[in-house]
Amino acid sequence: MKRNIVIAVVTAAALVGGGTATALAVSGDDDDASTPVTRTDDDRDDRSDDGGDDGDDDRAAAPGDVTAADAVAAALRHTPGTAVSAELDDAHWEVDVLGKGDTWHSVRVDPDTGKVLGSSEDDEDDTAEVRAALKGTSVTAEDAAKAAAAKGTVVSVDLDDDGDDRGWEAETRASGGDERDWNVALTTASVTADRDDD
């Protein structure tokens, strides 16, 4: 005599920003079994720059817990030198560090954990200009990132070593996605709106 056993299990999970529902039904007897599985995935990883759903995982739109200042500090612990830029790009922070002599390093930092993911040497030809721009200054890239953080979430900080308006340039992103550019003074860390951003 064949016995039919039908087991139905339905599990629903609600997650912040979406949920995953999985339904599993198993039916069978001593000789035959089938296992249909139905899944519906959430859209947590399908956000774009403007908050819409386009399927791209864009970290610059939603930075993790590691700030620009944190990323610079982590990069300098890994690779001593002078940080001249930090940018949230392609799911990681990329920090450019000028080492001894003319040696440049690009250090990648995880935006969620602050762990250094790797580094590589870069070739740059503006070493003399960078050193000249930073001579006699007291505000580092980390300091500039901290100062600009009062204006929003910092997604990049970069040394502007051109002309008489030398200083740090910072880009912030507000919770609504609005981007703003700021200038941070090399000696006082005062933050002013970028004139070109108005």
Side-chain angles (χ1 to χ4, degrees), residues 49 58-174 177-198:
D49 282 351
D58 188 347
R59 285 307 259 203
D65 294 332
V66 177
T67 66
D70 295 336
V72 169
L76 292 176
R77 282 192 299 273
H78 181 271
T79 305
T82 303
V84 295
S85 71
E87 181 178 7
L88 188 60
D89 186 31
D90 295 334
H92 63 264
W93 283 103
E94 185 166 333
V95 181
D96 290 331
V97 177
L98 174 57
K100 291 184 178 182
D102 294 339
T103 305
W104 286 85
H105 302 273
S106 180
V107 183
R108 294 176 312 282
V109 179
D110 187 291
D112 294 317
T113 65
K115 179 180 177 183
V116 172
L117 301 173
S119 66
S120 60
E121 282 194 23
D122 282 342
D123 293 325
E124 299 287 341
D125 58 1
D126 61 346
T127 303
E129 292 89 346
V130 168
R131 291 203 189 279
L134 292 174
K135 186 175 182 177
T137 66
S138 57
V139 178
T140 65
E142 183 178 356
D143 297 333
K146 287 178 182 177
K151 304 296 185 180
T153 301
V154 178
V155 293
S156 73
V157 62
D158 189 25
L159 178 65
D160 179 4
D161 59 357
D162 293 331
D164 295 331
D165 293 331
R166 295 177 178 172
W168 295 104
E169 296 177 342
E171 181 182 343
T172 61
R173 187 162 292 135
D178 293 335
E179 296 177 3
R180 291 290 310 265
D181 292 325
W182 306 92
N183 296 318
V184 182
L186 287 171
T187 55
T188 63
S190 61
V191 179
T192 57
D194 189 330
R195 288 179 298 212
D196 296 334
D197 194 41
D198 293 333

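Throughout, residue positions are numbered sequentially from 1 according to the sequence presented. The structure displayed is predicted, hence computed values, not measured ones.
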Notebook entry, point to check: More than 12 heavy atoms of other residues, nucleotides or ligands under 6.0 Å from CG of Asp122: is that the case?
Noted result: yes
Taking side-chain hydrogen bond (donor to acceptor under 3.5 Å, both in side chains) as the test, write out the residues that go with [X], two or more places apart.
| X | result |
| --- | --- |
| Thr137 | none |
| Thr172 | Trp182 |
| Asp161 | none |
| Ser138 | none |

Quick one: [atom1] on [X] to [atom2] on [Y], what's the gap to the nearest 0.5 Å?
| X | Y | atom1 | atom2 | result |
| --- | --- | --- | --- | --- |
| Glu169 | Asp160 | CD | CG | 4.0 Å |
| Asp110 | Leu117 | CG | CG | 5.0 Å |
| Thr127 | Trp104 | OG1 | CH2 | 5.5 Å |
| Lys135 | Leu186 | NZ | CG | 14.5 Å |
| Trp168 | Asp143 | CH2 | CG | 9.0 Å |
| His105 | Glu121 | NE2 | CD | 5.0 Å |

Exercise: identify the closest heavy-atom pair between [X] and [Y]:
| X | Y | answer |
| --- | --- | --- |
| Asp70 | Asp65 | OD2-O, 4.0 Å |
| Ala74 | Gly114 | CB-O, 3.5 Å |
| Val157 | Ala144 | CG2-CB, 3.9 Å |
| Val66 | Ala71 | CG1-N, 3.8 Å |
| Val184 | Ala147 | CG1-CB, 4.3 Å |

Next item on the list: Sequence neighbours left out, what passes side-chain contact (heavy atoms from CB on, under 4.5 Å) with Ala69? Give chain and number order.
Entry: Thr67, Glu142, Ala145, Lys146
Check: Under 4.0 Å between a Lys/Arg side-chain N and an Asp/Glu carboxylate O for Arg108 and Glu94?
Finding: no
Checklist line | Side-chain donor/acceptor of Asp126 to backbone N/O of Glu129, under 3.5 Å | finding: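 Flag not set: sc Asp126 to bb Glu129 has no pair under 3.5 Å.
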Check: Would Glu171 and Arg180 satisfy side chain to side chain contact (heavy atoms under 4.5 Å, CB included), going step by step from the backbone distance to the final call?
Finding: CA-CA 6 Å; Glu171 181 182 343; Arg180 291 290 310 265; over 6 Å; no
Margin query: Just so I know, are the side chains of Leu98 and Arg131 near enough to count as touching, which here means a heavy-atom distance under 4.5 Å?
Written below: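 Of all side-chain heavy-atom pairs linking Arg131 with Leu98, at least one is under 4.5 Å.
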Under 3.5 Å, which donor-acceptor pairs do the side chains of residues 78-88 form with other protein atoms, sequence neighbours left out?
residue, atom, partner, partner atom, Å
Ser85, OG, Asp96, OD2, 3.0

Next item on the list: List the steps, then state whether side chain to side chain contact (heavy atoms under 4.5 Å, CB included) holds for Arg173 with Asp178.
Entry: CA-CA 6 Å; Arg173 187 162 292 135; Asp178 293 335; over 6 Å; no
